[in-house]
Amino acid sequence: VQVIGAFLPNLLAATLIALVGWGVAALLRRLTRFLLERAHTKVEHVKWLHARQSGIPALNAAPALVAGTVFWIVFLFFIVAAVEALRLPTISLLVARLTSFLPRVVVACLIVWAGIIAADMLKNFLSRSLRHIGAKYAETLSIILRGAVIVITSIIGIEHLGVNSSILLLVLGILFGSTLGAAALAFGFGARGMVSDLLAIQQISKSYAIGDSIGVDHAEGRIVEITQTAVILESGEGRVMIPGHRFSSVISTRTEKSP
């Protein structure tokens, strides 16, 4: 009974500290989330920033993630103080070791989170660029790039925790190299036709112009557009698109030159 009576004030003090810590942490979490959501709302009014941000889920989740991180950092600070108030050396030592390791965990998580944001940005940029030039497998290649960036940043985060990742790096390097090689081959075969069209259109543009009336490959009509990879005719049956390599491989006749 005397032992319990002597320990009770310490327990009450520790409980009070923990409750106050929870209240302060919850208040700071709400305040942090409120400020970040206001900033997020202002970004939505800037069109080009909103367009870039809308395709990055990890960035959209920033208010909740940062607010949650603030809550746990503040609350754990009070928990350490509460444990110290108990005056139990073994538990205090254990908690001290855990809290000394906590900053590494936070930094590692931030590294991975930043890597996911960077990966989504690069994926969107590569996907838009490849689709703009009409490349096949644009989405597949952009997903592979995203995965590679996330894997690399995850490994950096693991190393920051003090874990030896040499073997993991070797295995992932082999897997990534094999995947990238296969993707490059697939892209090369898929882009072969597009390259042929691009080269053919350069020669066709020197001989024909928009407005010329021509006959080519059983199609007759007036050229209304010459794209990077095809010639588009306006015929009696509607618009006809003739790929560049097909146009250059058959006999074409100009029946009327544009004015």
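Just so we're clear, the structure is a prediction, and the values are computed from it rather than from any experiment.
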Please determine whether residues [X] and [Y] belong to a single hydrophobic cluster, defined as Ile, Leu, Val, Met, Phe, Trp and Tyr linked transitively by side-chain heavy-atom distances below 4.5 Å.
| X | Y | result |
| --- | --- | --- |
| L27 | L35 | no |
| L19 | W72 | no |
| I152 | V149 | no |
| L76 | L65 | yes |
| V107 | I117 | no |

Give me the atom names and distance for the closest heavy-atom approach of [X] to [Y].
| X | Y | answer |
| --- | --- | --- |
| A18 | I79 | CB-CD1, 4.2 Å |
| A219 | V240 | CB-CG1, 4.4 Å |
| S252 | Y208 | OG-OH, 2.7 Å |
| H245 | A200 | N-CB, 3.8 Å |
| V66 | W113 | CG2-CH2, 4.4 Å |
| S154 | V112 | CA-CG2, 4.0 Å |

With side-chain contact (heavy atoms from CB on, under 4.5 Å) as the test, pick out the partner of V231 among I210, I223, V224.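 When I210, I223, V224 are each tested with V231, the side-chain contact (heavy atoms from CB on, under 4.5 Å) holds only for I223.
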Rounded at 0.5 Å granularity, tell me how far [atom1] in [X] sits from [atom2] in [Y].
| X | Y | atom1 | atom2 | result |
| --- | --- | --- | --- | --- |
| L36 | L31 | CG | CG | 9.5 Å |
| R29 | F75 | CZ | CZ | 10.5 Å |
| I111 | I116 | CD1 | CD1 | 12.5 Å |
| L16 | L11 | CG | CG | 11.0 Å |
| I214 | S235 | CD1 | OG | 11.0 Å |
| E220 | E234 | CD | CD | 14.0 Å |

Side chains of [X] and [Y]: closer than 4.5 Å at any heavy-atom pair?
| X | Y | answer |
| --- | --- | --- |
| R146 | L122 | no |
| L233 | V216 | yes |
| M241 | I232 | yes |
| R38 | F34 | yes |
| F77 | I73 | no |

Would you check if the side chain of S249 reaches a backbone N or O of R246 as a donor-acceptor pair within less than 3.5 Å?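 Yes, because the side chain of S249 sits within donor-acceptor range (under 3.5 Å) of the backbone of R246.
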